[in-house]
2 protein chains.
Amino acid sequence: MAKRNSLKEDACPVARSMEAIGDCWSMLIIRDAMLGKKRFGEFQKSLGVAKNILTMRLRALLDDGLLKLEPGADGSAYQEYVLTDKGRAVFPIMVALRQWAEDYAFKPGEETNIMVDRETGRRIRKLELHADDGRLLDLGDVTLKPATA
Amino acid sequence: MAKRNSLKEDACPVARSMEAIGDCWSMLIIRDAMLGKKRFGEFQKSLGVAKNILTMRLRALLDDGLLKLEPGADGSAYQEYVLTDKGRAVFPIMVALRQWAEDYAFKPGEETNIMVDRETGRRIRKLELHADDGRLLDLGDVTLKPATA
DNA sequence: CCGTATCCATTCCGATACTG
DNA sequence: CAGTATCGGAATGGATACGG
């Protein structure tokens with residue numbers, strides 16, 4: 001996107017999310033952070049991205065409040081990038097992206113990885129959207145309404 | 001992203017999703033399509049994007065199988081862009097993006113719109129992730145496991 | 001109304017070299 | 001190890017003019 005500012009002020013929440021985490025690298029950094037990665041080198045190795053790019057993305061995520069810097073816990077002299085609450089809240093987005101691709105972006109037989117329940121090791125269910133009375137909702141069951149945050 | 005191909009073959013589903021719909025315009029086009037927009041001009045007006053860009057994005061979405069072309073239903077001479085099953089399946093991703101931004105990307109008082117139950121007009125719940133035995137899961141409760149699609 | 005074609009500016013990204 | 005500095009190439013996007 002060129003006109004980033006236009007989206008930062010867009011009234012649609014979807015546009016704002018895309019502005020903050022729609023970038024490919026940002027999302028993958030958050031993915032790695034959710035898997036426990038914390039150090040510059042870990043991200044760099046995992047993503048195979050140029051270091052200057054990684055620096056830029058990490059800084060953007062820090063600025064947006066998705067990551068924060070903490071002193072190295074294991075006595076390391078270096079700081080660590082850890083998720084904030086705002087960053088951890090991206091979890092449902094990641095799950096949604098993952099589940100979609102599992103269904104539509106792999107050919108049978110391709111290598112991949114799946115998300116499982118840590119306790120049982122068994123596959124998890126699809127994300128579910130419920131009305132406040134508990135009814136399961138799909139695309140056709142919802143609409144938008146103007147509001148004030 | 002420059003090296004698109006590297007992601008299209010990445011084993012991580014999240015990377016593949018970002019490859020297909022991580023683009024900002026693509027996501028917003030899908031958003032509009034979910035709101036019922038079908039025609040080139042509708043998208044163009046809603047997004048305010050240059051027409052050549054819109055053409056490119058629409059073609060990419062057609063190629064990826066998220067949209068398909070159908071003859072104009074209302075007798076119009078022009079074709080309409082409608083979501084395929086694969087495109088409609090993006091719904092949870094959109095909801096996740098929306099809910100995240102509603103919580104973290106708006107200052108109090110800002111104008112926005114919210115997703116409501118079409119029947120009752122009332123706000124919907126947060127997306128939920130359940131284990132196959134029904135337990136509600138969060139970030140700490142899941143892991144990845146290698147698999148074959 | 002629905003695009004396509006052209007041109008230009010910007011942004012992004014990768015590789016590399018360098019510093020503390 | 002954790003960055004910063006610089007460079008060049010590629011992709012992207014916006015504006016506009018044009019054609020079916």
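Naming: A, B, ... by sequence-line order, numbering from 1 per chain.
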> Who are the side-chain hydrogen bond (donor to acceptor under 3.5 Å, both in side chains) partners of A:Thr112, not counting sequence neighbours?
Replying inline: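 A:Thr112: no side-chain hydrogen bond (donor to acceptor under 3.5 Å, both in side chains) contacts found.
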
>> Just to be sure I follow the notation: if a pair is Watson-Crick (purine N1 to pyrimidine N3 plus N6-O4 or O6-N4) or a G-U wobble (N1-O2 and O6-N3), each under 3.5 Å, what dot-bracket string does DNA chain C give, with | for pairs to another strand?
In response: |.||||||||||||||||||

Other members of the hydrophobic cluster containing [X], with the 4.5 Å side-chain heavy-atom rule, please.
X	answer
A:Met56	none
B:Ile114	B:Val116
B:Val82	none

>> Show the nearest heavy-atom pair for residues B:Gln99 and B:Arg125, with the distance to one decimal.
In response: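 For B:Gln99 versus B:Arg125, the nearest heavy atoms are NE2-O, 2.9 Å.
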
> If every non-hydrogen atom of B:Val90 is compared with every non-hydrogen atom of B:Ile21, which pair is closest and at what distance?
Replying inline: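 The pair with the smallest heavy-atom distance is CG1-CD1, 4.3 Å.
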
All N/O contacts under 3.5 Å from nucleotides 3-7 of chain D to the protein, with atom names and distances to one decimal?
from: D:dG3; atom 1: OP2; to: A:Tyr81; atom 2: OH; distance (Å): 3.0
from: D:dG3; atom 1: N7; to: A:Lys51; atom 2: NZ; distance (Å): 3.2
from: D:dG3; atom 1: O6; to: A:Lys51; atom 2: NZ; distance (Å): 2.5
from: D:dT4; atom 1: OP2; to: A:Arg59; atom 2: NH2; distance (Å): 3.4
from: D:dT6; atom 1: O4; to: A:Asn52; atom 2: ND2; distance (Å): 2.9

Measure [atom1]/[X] against [atom2]/[N] and give the value in whole Å, please.
X	N	atom1	atom2	result
B:Leu62	C:dC2	CG	P	15 Å
B:Leu67	C:dG3	CG	P	12 Å
B:Glu80	C:dG3	CD	P	11 Å
A:Ile29	C:dC13	CD1	P	10 Å
B:Ile53	D:dA15	CD1	P	10 Å
A:Leu47	C:dC13	CG	C1'	14 Å
B:Asp23	D:dA11	CG	P	15 Å
B:Leu54	C:dT4	CG	C1'	13 Å

> Quick one: side-chain hydrogen bond (donor to acceptor under 3.5 Å, both in side chains) pairs with a partner in residues 38-56 of chain A, sequence neighbours left out?
Replying inline: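 Qualifying pairs: A:Asp32-A:Ser46.
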
> Is there any side-chain hydrogen bond (donor to acceptor under 3.5 Å, both in side chains) pair reaching into residues 127-145 of chain A, and which pairs are they, with sequence neighbours excluded?
Replying inline: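 Every pair satisfying side-chain hydrogen bond (donor to acceptor under 3.5 Å, both in side chains) with a residue in residues 127-145 of chain A: A:Glu128-A:His130, A:Asp132-B:Arg122, A:Asp133-A:Arg135, A:Arg135-B:Asp117.
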
> Starting at the 5' end of DNA chain C and moving along, which residue's nearest nucleotide shows up first, A:Tyr78 or A:Met56?
Replying inline: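 It is A:Met56 whose nearest nucleotide is closer to the 5' end.
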
>> Per the salt bridge (charged side-chain N to carboxylate O under 4.0 Å, His left out) rule, what does the pair list look like for residues 79-108 of chain B, sequence neighbours excluded?
In response: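 Sorted result for residues 79-108 of chain B: B:Asp85-B:Arg88, B:Arg98-B:Glu102, B:Glu102-B:Arg123, B:Asp103-B:Lys126.
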
> Within less than 4.0 Å of OP1 or OP2 of C:dC1, is there a side-chain N or O belonging to B:Arg39?
Replying inline: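 Checking C:dC1 against B:Arg39, no side-chain N or O comes under 4.0 Å of OP1 or OP2.
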
